[in-house]
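Naming convention: chains lettered A, B, ... in sequence-line order (proteins, then strands); numbering from 1 in each chain. Because the structure is a prediction, the values reported are computed rather than measured.
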Amino acid sequence: MQSPIAQRLQELAGSVPGKIGYQIARVDGEVLYSQLSDEVFPQASAIKVPLLMEVLAQREEAKIDWNAAHPILKKHQAGGSGVLFEFSDGCSQICTQDLCTLMIVLSDNTATNMLIELVGMASVNQRMESLGLTQTRLQRVMMDMDARARGEENVSTPREACQIMCLLAQGKFINQEISDELLGILRKPKSTAIRNGIPAEIAVATKPGAIPGVATEWALIEYPKQPYVAVFMGKEGSEKEFNEVFTEMTRCIHESIDKKE
Amino acid sequence: MKFPRLLNLSCLIFALLPEMQSIGAEPRSLIDGCTLELVASEPALVTPIGIAFDNQGRLLIVESHTHQRSEDYEGPATDRLRMLSDSDGDGHLDQWQTFADGFRHAMNVAARADNAVYLVTRSDVHLLRDTDGDGIADVNDRIVKLETDIDYPHNALSGIYIAGDSLYLGVGENFGGDYELVGSDGRRIKNTGGVGTIYKCKLDGSRLTRWAEGFWNPFSLCVADGDLFCVDNDPDASPPCRLINVLPTGDYGFRFEYGRAGVHPLQAWNGELPGTLPMVCGTGEAPTAILFHRGYLWVTSWGDHRIERYELKPEKDGGYAVEQKIVVQGDADFRPTGMAISPDGSLYFADWVDRSYPVHGKGRLWRLELPPEMQTEFKSLENPRGAVAPNLSSLHSKRWNRSVPKDALPRFLLDALATGDPQQRLFAVRWIAEEHLTELLPELERLQNETPPSQRYYLALLAAIDWLNREPKQRGRDIADELLFQEVANPSRSAESRALALSLLSPDDQKLTLKELREFLGSDSVPLRLAAIRSLADRSNSDRFPVLEEVVRDSSQPVVIRAEALVGLAANFDKYHNLFETFTDGEEPLLQGEAKRILRLNGLGPLHSEEKPAAGDLQAWSDLLAEPGNAESGRRLFHSPVGPQCSACHRHSGRGGNVGPDLSQIGSQISRERVITSILDPSREIAPHFLPWILVTDDGQTFVGLRLPKGGDDGLEPYADTAGKTFVLPSESIAHREPATSSIMPAGLDKNLSIQDLRDLVTFLMEDKKGN
């Protein structure tokens, strides 16, 4: 017998065209609500979370330099979100740390592509594999429409994305400090579907993503009474509609948790 | 801190000298079964540095023609990469050709399995390829460059090692100058503060990253069983040169901005400061190559004229036990530089031959055949130390990555200062100094009020306060007298701390009055009394003499204090002549001995009837002075205003002049024999930073001076004269320049000193001060 909240979430998820998967869990991993949790979804910009994890991991392994300045080159530039796309070829430089910030805060695709080149796509996937995550894969750079047409998509599932966010919330990705640092970057202010469904005074570490037909968001809601992870993924529909539903679902979940606590 | 004593030409410039060998002896193997042969010599090759074999068994040799090149040097205009190959397959390298040329300040070479060759100069890394197989490189890609204003010929890029798909690159302190290292993909890494650093990048020069830091000049690198090692040359006064197991993100303690000597309290050389790592062991002087072969690490020592072999065994504490053997020893004309393993397993090493740093047209190449049984097993550490102790790992990670946002850093470090862990506090203190966070000065001053857990902690904290109090251009010098005086005058400080501060304070500091020194002389603390009497003796004002006389005559003072006072009075010999005479008959042997020595050094008293070897017979001198002397007596002689007046130019334990090298730790730097040689034959070898230049200007004036480091090229060249004073010459006005062949330290010091004096002096200098 489903709880009224679970039922309501299903209703909301079914209220728009396309497929919506989600997983809501306490930070200890206990799943509260889920749907299509093992369905593979394109991730759009949410895949930048595993990439950020790899950057920090390689930094800790002294494989990359957090303060190295990288030239902004035409070959990395990708449209869509961000600002580095507007920069002149080879005229400016930016350090690794700032690339990470831009990748998350502005979802800058050029910064993302520069970081992918820096750490290597295979390394990101190996890191996911080492964490037991078999469905979360970075398979193309941002805005590579040819690759997308070939079916080379950046993917994950609600379950694996939720595991990743729980891992970070538990301080178990490398160590507590690195996990905290990563969450600190995700926490930087931005407007997202989940963020819009949570009272402003509650911190949310989150990364959304959207491409035509797809919307995703991975979030840790740092509700002091009961921190929890919320992952939403939608495909084969309208990203705008998905995001509106994600906000509504978030409100519904948060109210429920707030009442329980 | 100033040292007002008049400097004169009798100042004692110590040169870094070789083990004494009879002149003219060929290098020889010291291990049975090894065979050493000369493969080639000039004019086939001259002034070689790095060497490497390619996978066709051809030997590549960096041949320098630009290192401190004099105007009358007649060799090629640029450095060359020579190649020596076996033309007829008889197993002998016999055919020379030039693989590439056109380089300036070339240092090192490494060959890839695909026969692409890396040529390293002080300012770039070239990737050379011979695509048509004619033995001449026809592709030259500059894959890494070092952008800086500094143009000193070495101490920048030099070390290189190919490890799988990566390169390790060693960069020295760049004479303290800032630089940016730029990879082939345009990525840049800034380096400030003169921090020798090892970088890693891909084989094409892309993806540069820092790997470890805190070196002076990591001249050469190698990997043994996955572990990276380097040899690091030592700063002026912080020996020895180091064999280092290079850990990722490791900090090995040296920053040029705190001073070139390497004795600043915020510098570490053997893991003395929290967050810094120790060396594996010291090596011979001026190591220029390291490689891993048959389970051993092999090191060339340019300054000690030898090839060293190190056997490392892992220990439970996370370090290595080390056994060193000297495999080849030469004389002063054996200057091994680069080293390479030939396909047949023998070792080849290049030989610079001459002590002269400027290129000189000499050069040799040697081959050392090793017996088959010379083999050991190298095991890397099972439980290697981390880059830092666990209690510092969080701080270290944030410092290394500079991941704390700038605006949050003061608050973050404030929290670190508030911890109960003195190691974390001291780590934070050093970080605050590095970041020049002057807003945290009050917090450091507050810490100064707490009981320091160690003298090192106290000095480091004091040095950080001083550092932050200074204008940027004034940094890198000694701790300011004003701060030291505050410490000396602070009754809440321990007597030991006050003595330490007093020993560093200029004796002529205006606030340091005779009244205060008298008070200290009445202290219960002997260290404080000693510091006070030494300060008194070093003052330039003549009002010190009555107080010194008073102390000499005060039998309630410890005799060591009275002896210091007696030596101090020697600066006014004529007035106290009778007093010295009196003490020659006194009951205290120590005072009697000092009085006799003062008379003797002034040409009075009993003349010496000792038979002495000829000044050039260094072996006889070495034998004669092998017997230990009295270090305290030697220290008084070192600082005495009569006799050799060593401290007029040299500093020791914070006391003395600064024209020549600081000798505080020379005992752990060079051998007793080399110290003796330095005293008796100071021009035999001169350390590069103390090489005087003879400069003749357009208008016919001649100057002699030591070149001072300076960034940029504004057409002016700063020098220090023999009295330590700076003078500046416009580059255009210098019509002729050449390196002097003689040290400005005078020869003939043995004439006035007794054998016992020399024994005492050598014993004092050889004392290991590391513990202090």
Between B:T209, B:L181, B:I189, which has the largest tally of heavy atom pairs under 4.5 Å with chain A?
B:T209
Verdict with reasoning, B:S397 to A:E60, per side-chain hydrogen bond (donor to acceptor under 3.5 Å, both in side chains)
CA-CA 8 Å; B:S397 168; A:E60 290 308 297; 3.3 Å; yes
Return the minimal non-hydrogen interatomic distance between A:A68 and B:L208, and the atom names on each side.
CB-O, 4.5 Å
Give, for atom CZ of B:R402 and atom SG of A:C95, the distance between the pair rounded to the nearest 0.5 Å.
10.0 Å
Of all heavy-atom pairs between B:D185 and A:L73, which one has the smallest distance, and what is that distance?
O-CD1, 4.4 Å
NZ of A:K63 to NZ of B:K200, rounded to nearest 0.5 Å, is 7.5 Å
Any salt bridge linking A:E181 with B:K398? Criterion: basic side-chain nitrogen under 4.0 Å from a carboxylate oxygen.
no
To the nearest 0.5 Å, what is the distance between CG on A:N67 and CZ on B:R188?
15.0 Å
One should read off an interatomic distance between B:R207 CZ and A:D65 CG, to the nearest 0.5 angstrom, of 12.0 Å
Side chain, backbone, both or neither: which part of B:S206 has an atom under 4.5 Å from a heavy atom of chain A?
neither
Answer yes or no: is there a side-chain heavy-atom contact under 4.5 Å between A:Q97 and B:N401?
no
Should A:R59 and B:S403 count as side-chain neighbours, where that means a heavy-atom distance under 4.5 Å?
yes
Given A:A69, A:A62, A:G90, the one with more heavy-atom pairs under 4.5 angstrom with chain B than any other is A:A69
